[in-house]
Amino acid sequence: MKGLLTLKDLETSKIVELIEYAIKLKNGHYVRYPDKKVATLFFENSTRTHYSFQCALMNLGVNVISCDVGRSSVQKGETLYDTVKTFEALGVDGVVIRSSVDEYFKELENINIPIFNGGDGKTNHPTQSLLDLMTIYEEYGHFDGLKCCIIGDIAHSRVAHTNIEIMERLGMKVYISGPAEFNDNCAPFLSIDEALEEMDVIMLLRVQFERLEEGMTLTNEEYHEKYGLTLERVAKMKNNAIIMHPAPVNRGVEIADDVVECEKSRIFKQMTNGVYIRMAVISEAMDGKL
Ligand code: NCD
(Lines give C-alpha, C1' and ligand atoms only; values in the text may rest on other atoms or scores of the structure.)
Protein backbone atom coordinates (compact mmCIF):
# COMPACT_ATOMS: atom_id res chain seq x y z
CA MET A 1 0.00 0.00 0.00
CA LYS A 2 1.12 3.54 -0.74
CA GLY A 3 1.53 6.38 1.74
CA LEU A 4 2.43 5.88 5.38
CA LEU A 5 0.49 3.42 7.54
CA THR A 6 3.01 2.17 10.07
CA LEU A 7 6.69 2.88 10.74
CA LYS A 8 7.32 -0.87 10.97
CA ASP A 9 7.40 -0.92 7.15
CA LEU A 10 10.10 1.77 6.90
CA GLU A 11 13.85 1.20 6.96
CA THR A 12 15.63 3.26 9.63
CA SER A 13 17.61 4.97 6.85
CA LYS A 14 14.32 6.12 5.28
CA ILE A 15 13.20 7.51 8.65
CA VAL A 16 16.36 9.59 9.00
CA GLU A 17 15.94 10.71 5.38
CA LEU A 18 12.37 11.91 6.08
CA ILE A 19 13.54 13.82 9.17
CA GLU A 20 16.33 15.48 7.21
CA TYR A 21 13.90 16.38 4.42
CA ALA A 22 11.50 17.89 7.00
CA ILE A 23 14.37 20.00 8.41
CA LYS A 24 15.16 21.18 4.86
CA LEU A 25 11.49 22.16 4.41
CA LYS A 26 11.60 23.98 7.77
CA ASN A 27 14.60 25.90 6.47
CA GLY A 28 12.59 27.14 3.50
CA HIS A 29 12.94 24.44 0.81
CA TYR A 30 10.11 25.11 -1.65
CA VAL A 31 8.01 22.38 -3.22
CA ARG A 32 4.43 22.65 -4.53
CA TYR A 33 1.72 20.27 -5.81
CA PRO A 34 -1.08 22.62 -6.97
CA ASP A 35 -2.74 19.95 -9.14
CA LYS A 36 -3.21 17.50 -6.27
CA LYS A 37 -6.19 16.93 -3.98
CA VAL A 38 -6.07 15.17 -0.60
CA ALA A 39 -9.05 14.35 1.65
CA THR A 40 -8.88 14.18 5.45
CA LEU A 41 -11.16 11.70 7.23
CA PHE A 42 -11.05 11.93 11.02
CA PHE A 43 -13.33 9.42 12.76
CA GLU A 44 -11.88 10.40 16.16
CA ASN A 45 -11.45 13.82 17.74
CA SER A 46 -8.26 15.64 16.82
CA THR A 47 -6.88 19.17 16.90
CA ARG A 48 -3.13 18.90 16.25
CA THR A 49 -2.96 15.97 13.85
CA HIS A 50 -5.97 17.05 11.79
CA TYR A 51 -5.04 20.71 11.38
CA SER A 52 -1.33 20.02 11.14
CA PHE A 53 -2.04 17.76 8.15
CA GLN A 54 -4.21 20.54 6.70
CA CYS A 55 -1.48 23.16 7.23
CA ALA A 56 1.08 20.81 5.68
CA LEU A 57 -1.16 20.26 2.64
CA MET A 58 -1.80 24.01 2.29
CA ASN A 59 1.94 24.76 2.55
CA LEU A 60 2.46 22.33 -0.33
CA GLY A 61 -0.28 24.00 -2.39
CA VAL A 62 -2.33 20.77 -2.29
CA ASN A 63 -6.11 21.23 -2.35
CA VAL A 64 -7.69 19.95 0.88
CA ILE A 65 -11.05 18.23 1.17
CA SER A 66 -11.86 18.22 4.88
CA CYS A 67 -14.46 15.45 4.99
CA ASP A 68 -17.11 15.89 7.65
CA VAL A 69 -17.42 12.19 8.50
CA GLY A 70 -20.44 12.85 10.72
CA ARG A 71 -22.31 13.95 7.57
CA SER A 72 -20.83 11.37 5.20
CA SER A 73 -22.47 8.15 4.03
CA VAL A 74 -20.53 6.27 6.74
CA GLN A 75 -23.55 7.28 8.84
CA LYS A 76 -25.71 5.31 6.36
CA GLY A 77 -23.68 2.16 6.92
CA GLU A 78 -21.05 2.58 4.19
CA THR A 79 -17.80 0.78 4.95
CA LEU A 80 -14.45 2.55 5.32
CA TYR A 81 -13.28 0.70 2.20
CA ASP A 82 -16.18 1.98 0.08
CA THR A 83 -15.71 5.50 1.42
CA VAL A 84 -12.01 5.58 0.53
CA LYS A 85 -12.66 3.83 -2.83
CA THR A 86 -15.17 6.62 -3.55
CA PHE A 87 -12.52 9.31 -2.99
CA GLU A 88 -10.19 7.36 -5.26
CA ALA A 89 -12.93 7.21 -7.95
CA LEU A 90 -13.48 10.96 -7.61
CA GLY A 91 -9.85 11.54 -8.57
CA VAL A 92 -8.51 12.41 -5.11
CA ASP A 93 -4.75 11.85 -4.87
CA GLY A 94 -4.53 10.69 -1.24
CA VAL A 95 -6.44 10.40 2.02
CA VAL A 96 -5.51 11.07 5.64
CA ILE A 97 -7.37 8.76 8.04
CA ARG A 98 -7.70 8.61 11.82
CA SER A 99 -9.76 5.79 13.29
CA SER A 100 -10.28 4.17 16.67
CA VAL A 101 -9.98 0.74 15.01
CA ASP A 102 -6.55 -0.89 15.40
CA GLU A 103 -4.93 -1.37 11.98
CA TYR A 104 -8.07 -0.24 10.09
CA PHE A 105 -5.86 -0.01 6.99
CA LYS A 106 -5.78 -3.80 6.64
CA GLU A 107 -9.20 -3.56 4.98
CA LEU A 108 -7.85 -1.00 2.48
CA GLU A 109 -5.39 -3.23 0.66
CA ASN A 110 -7.10 -2.72 -2.72
CA ILE A 111 -6.88 1.06 -2.52
CA ASN A 112 -4.38 2.46 -5.03
CA ILE A 113 -3.93 6.04 -3.76
CA PRO A 114 -1.61 6.92 -0.83
CA ILE A 115 -3.12 6.66 2.65
CA PHE A 116 -1.63 8.71 5.47
CA ASN A 117 -2.36 7.24 8.88
CA GLY A 118 -3.33 9.93 11.40
CA GLY A 119 -3.52 7.34 14.17
CA ASP A 120 -5.24 3.95 14.54
CA GLY A 121 -6.61 2.67 17.85
CA LYS A 122 -3.83 1.87 20.31
CA THR A 123 -1.35 0.75 17.66
CA ASN A 124 0.18 3.23 15.22
CA HIS A 125 0.70 6.97 14.98
CA PRO A 126 3.55 7.19 12.45
CA THR A 127 3.59 10.94 11.79
CA GLN A 128 3.48 11.70 15.53
CA SER A 129 6.52 9.49 16.07
CA LEU A 130 8.35 11.10 13.17
CA LEU A 131 7.74 14.58 14.59
CA ASP A 132 8.89 13.36 18.01
CA LEU A 133 12.04 11.95 16.44
CA MET A 134 12.63 15.16 14.48
CA THR A 135 12.42 17.15 17.72
CA ILE A 136 14.93 14.82 19.42
CA TYR A 137 17.23 14.92 16.37
CA GLU A 138 17.18 18.73 16.31
CA GLU A 139 18.11 18.72 19.98
CA TYR A 140 20.88 16.13 20.04
CA GLY A 141 21.85 15.57 16.38
CA HIS A 142 21.68 11.77 16.79
CA PHE A 143 19.65 8.99 18.45
CA ASP A 144 22.19 6.36 19.41
CA GLY A 145 22.47 5.81 23.17
CA LEU A 146 19.91 8.47 24.15
CA LYS A 147 17.61 7.49 26.99
CA CYS A 148 13.88 8.21 26.91
CA CYS A 149 11.24 7.41 29.49
CA ILE A 150 7.58 7.53 28.47
CA ILE A 151 5.44 8.28 31.51
CA GLY A 152 1.68 7.80 31.82
CA ASP A 153 -1.07 5.80 30.17
CA ILE A 154 1.17 3.52 28.13
CA ALA A 155 -1.35 0.70 27.70
CA HIS A 156 -3.81 2.78 25.64
CA SER A 157 -1.26 4.86 23.76
CA ARG A 158 -0.52 4.46 20.07
CA VAL A 159 2.12 7.17 20.56
CA ALA A 160 4.00 5.02 23.11
CA HIS A 161 3.69 1.81 21.11
CA THR A 162 4.89 3.43 17.88
CA ASN A 163 7.72 5.32 19.56
CA ILE A 164 9.08 2.38 21.54
CA GLU A 165 9.54 0.21 18.45
CA ILE A 166 11.21 2.88 16.34
CA MET A 167 13.31 4.46 19.10
CA GLU A 168 14.78 1.08 20.01
CA ARG A 169 15.51 0.45 16.33
CA LEU A 170 17.34 3.79 16.16
CA GLY A 171 19.57 2.80 19.09
CA MET A 172 17.80 4.65 21.90
CA LYS A 173 17.14 3.07 25.29
CA VAL A 174 13.44 3.35 26.05
CA TYR A 175 11.70 2.89 29.41
CA ILE A 176 8.19 3.35 30.72
CA SER A 177 6.89 4.69 34.04
CA GLY A 178 3.69 5.82 35.75
CA PRO A 179 0.78 4.04 37.42
CA ALA A 180 1.06 0.23 37.43
CA GLU A 181 -2.47 -0.02 35.99
CA PHE A 182 -1.18 1.46 32.71
CA ASN A 183 1.93 -0.71 32.48
CA ASP A 184 1.58 -3.21 29.63
CA ASN A 185 5.24 -4.32 29.87
CA CYS A 186 6.12 -3.06 26.39
CA ALA A 187 9.46 -1.70 27.74
CA PRO A 188 11.46 -1.90 31.02
CA PHE A 189 9.75 -0.10 33.90
CA LEU A 190 11.43 2.66 35.98
CA SER A 191 10.28 4.57 39.04
CA ILE A 192 9.57 8.27 38.47
CA ASP A 193 12.68 9.24 40.46
CA GLU A 194 15.00 6.98 38.44
CA ALA A 195 13.46 8.34 35.23
CA LEU A 196 13.91 11.98 36.18
CA GLU A 197 17.56 11.64 37.09
CA GLU A 198 18.80 9.53 34.19
CA MET A 199 16.84 10.41 31.05
CA ASP A 200 17.67 12.66 28.11
CA VAL A 201 14.00 12.77 27.12
CA ILE A 202 10.98 12.65 29.41
CA MET A 203 7.87 12.02 27.32
CA LEU A 204 4.55 12.49 29.10
CA LEU A 205 1.22 11.02 28.06
CA ARG A 206 -2.30 12.02 28.96
CA VAL A 207 -4.58 9.47 30.63
CA GLN A 208 -6.76 8.40 27.71
CA PHE A 209 -10.06 8.30 29.59
CA GLU A 210 -12.03 7.64 26.41
CA ARG A 211 -10.28 4.25 26.16
CA LEU A 212 -10.67 3.24 29.81
CA GLU A 213 -13.54 0.87 30.34
CA GLU A 214 -13.70 1.32 34.09
CA GLY A 215 -12.02 4.68 34.60
CA MET A 216 -8.80 5.24 36.52
CA THR A 217 -8.41 4.02 40.11
CA LEU A 218 -6.61 7.28 41.08
CA THR A 219 -8.22 10.70 41.25
CA ASN A 220 -6.64 13.40 39.06
CA GLU A 221 -5.16 14.97 42.21
CA GLU A 222 -3.61 11.66 43.30
CA TYR A 223 -2.19 11.15 39.82
CA HIS A 224 -0.64 14.61 39.88
CA GLU A 225 0.84 14.11 43.30
CA LYS A 226 2.40 10.71 42.50
CA TYR A 227 3.33 11.00 38.85
CA GLY A 228 2.67 14.55 37.61
CA LEU A 229 5.63 16.52 36.27
CA THR A 230 5.93 19.51 38.60
CA LEU A 231 8.67 22.18 38.62
CA GLU A 232 10.09 20.44 41.68
CA ARG A 233 10.47 17.22 39.68
CA VAL A 234 11.81 19.10 36.64
CA ALA A 235 14.63 20.37 38.90
CA LYS A 236 15.82 16.75 39.27
CA MET A 237 16.23 16.27 35.51
CA LYS A 238 19.61 16.33 33.75
CA ASN A 239 20.72 19.80 32.65
CA ASN A 240 20.19 19.32 28.94
CA ALA A 241 17.23 16.90 29.19
CA ILE A 242 13.99 17.83 27.46
CA ILE A 243 10.26 17.36 28.13
CA MET A 244 7.94 16.17 25.39
CA HIS A 245 4.20 15.44 25.19
CA PRO A 246 2.10 14.62 22.11
CA ALA A 247 -0.75 16.73 23.59
CA PRO A 248 -3.55 17.39 24.33
CA VAL A 249 -2.12 18.08 27.80
CA ASN A 250 -4.25 17.84 30.89
CA ARG A 251 -2.79 20.64 33.02
CA GLY A 252 -2.71 19.72 36.70
CA VAL A 253 -2.86 15.96 35.99
CA GLU A 254 0.22 14.56 34.17
CA ILE A 255 1.85 18.00 33.91
CA ALA A 256 1.79 21.10 36.09
CA ASP A 257 0.56 24.32 34.53
CA ASP A 258 3.95 26.05 34.86
CA VAL A 259 5.87 23.13 33.28
CA VAL A 260 3.97 23.22 29.96
CA GLU A 261 6.04 26.13 28.64
CA CYS A 262 9.10 25.86 30.89
CA GLU A 263 12.61 26.10 29.45
CA LYS A 264 12.99 22.31 29.06
CA SER A 265 9.64 21.86 27.35
CA ARG A 266 9.57 21.16 23.62
CA ILE A 267 5.80 20.60 23.51
CA PHE A 268 4.95 23.47 21.15
CA LYS A 269 8.07 22.87 19.06
CA GLN A 270 6.78 19.31 18.50
CA MET A 271 3.59 20.80 17.03
CA THR A 272 5.54 23.08 14.69
CA ASN A 273 7.74 20.18 13.60
CA GLY A 274 4.60 18.13 12.91
CA VAL A 275 3.71 20.40 10.00
CA TYR A 276 7.14 19.92 8.36
CA ILE A 277 7.22 16.16 8.94
CA ARG A 278 3.77 15.83 7.36
CA MET A 279 4.90 18.02 4.43
CA ALA A 280 7.87 15.67 3.96
CA VAL A 281 5.68 12.55 4.08
CA ILE A 282 3.04 13.95 1.69
CA SER A 283 5.66 15.28 -0.70
CA GLU A 284 7.44 11.91 -0.87
CA ALA A 285 4.12 10.17 -1.55
CA MET A 286 3.12 12.70 -4.25
CA ASP A 287 6.50 11.99 -5.90
CA GLY A 288 5.74 8.25 -5.81
CA LYS A 289 8.55 7.58 -3.29
CA LEU A 290 6.34 6.47 -0.39
C1 NCD B 1 -2.32 11.70 20.61
C2 NCD B 1 -3.25 10.76 19.89
O3 NCD B 1 -4.32 11.17 19.41
O4 NCD B 1 -2.88 9.62 19.81
N5 NCD B 1 -2.41 13.03 20.25
C6 NCD B 1 -1.92 13.49 19.07
O7 NCD B 1 -2.13 12.91 18.03
N8 NCD B 1 -1.18 14.60 19.11
C9 NCD B 1 -2.30 11.48 22.07
C10 NCD B 1 -3.55 11.64 22.87
O11 NCD B 1 -4.66 11.74 22.36
O12 NCD B 1 -3.40 11.67 24.11
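Hydrogens, waters and symmetry mates are skipped; everything else that's a heavy atom, side chains included, is used. Fair warning: this is a prediction, and the values are worked out from it, not measured in the lab.
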Q: What is the distance from atom NE2 of His245 to atom CE of Met271, rounded to the nearest 0.5 Å?
A: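 Taking NE2 in His245 and CE in Met271, the distance rounds to 9.0 Å.
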Q: Flag this pair as yes if the NZ/CZ of Arg98 is under 6.0 angstrom from the six-membered ring centre of Phe42 and inside a 45 degree cone about the axis; otherwise no.
A: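 No.
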Q: Taking atom CG as the centre, does Asp258 end up with more than 12 heavy-atom neighbours from other residues, nucleotides or ligands that are less than 6.0 angstrom away?
A: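 Yes, enclosed.
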Q: Strictly below 4.0 Å, N to O, side chains only: are Glu222 and Lys226 in salt-bridge contact?
A: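 Lys226 and Glu222: not salt-bridged.
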Q: CD of Gln75: more than 12 outside heavy atoms within 6.0 angstrom?
A: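 Buried by this count: over 12 neighbours within 6.0 Å.
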Q: With a sphere of 6.0 Å drawn around CD of Glu20, does it hold more than 12 non-hydrogen atoms of other residues, nucleotides or ligands?
A: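 Correct, the count exceeds 12.
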Q: Examine the side chains of Tyr33 and Asp93 and answer whether a donor and an acceptor come within less than 3.5 Å of each other.
A: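 No, because no side-chain N or O of Tyr33 sits under 3.5 Å from a partner of the opposite role on Asp93.
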Q: Are Lys173 and Glu168 close enough for a salt bridge, meaning some N to O gap below 4.0 Å?
A: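 No, this pair does not count.
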Q: Using a 6.0 Å distance limit plus a 45 degree cone around the ring axis, check whether Arg211 lies over the aromatic ring of Phe209.
A: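 So Arg211 doesn't make the cation-pi contact.
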Q: Classify the side-chain pair Asp132/Ser129 by whether it contains a donor and acceptor separated by less than 3.5 Å.
A: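 No donor-acceptor contact under 3.5 Å links the two side chains.
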Q: For Glu210, I'd like to know if atom CD has over 12 heavy atoms of other residues, nucleotides or ligands within 6.0 Å.
A: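 Yes, the 6.0 Å shell around CD holds more than 12 heavy atoms from other groups.
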Q: Give a yes or no on whether the ring-centroid distance for Tyr137 and Phe143 is below 6.0 angstrom.
A: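 Yes, close enough.
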Q: Where is the tightest heavy-atom contact between Gly91 and Lys37, given as atom of each residue plus distance?
A: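 Scanning both residues, the minimum pair turns out to be O-CE, 3.7 Å.
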Q: Are Lys238 and Asp200 close enough for a salt bridge, meaning some N to O gap below 4.0 Å?
A: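 Salt bridge: yes.
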Q: Quick check on Lys289: does its NZ atom have over 12 non-hydrogen neighbours (other residues, nucleotides or ligands) under 6.0 Å away?
A: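 Open.
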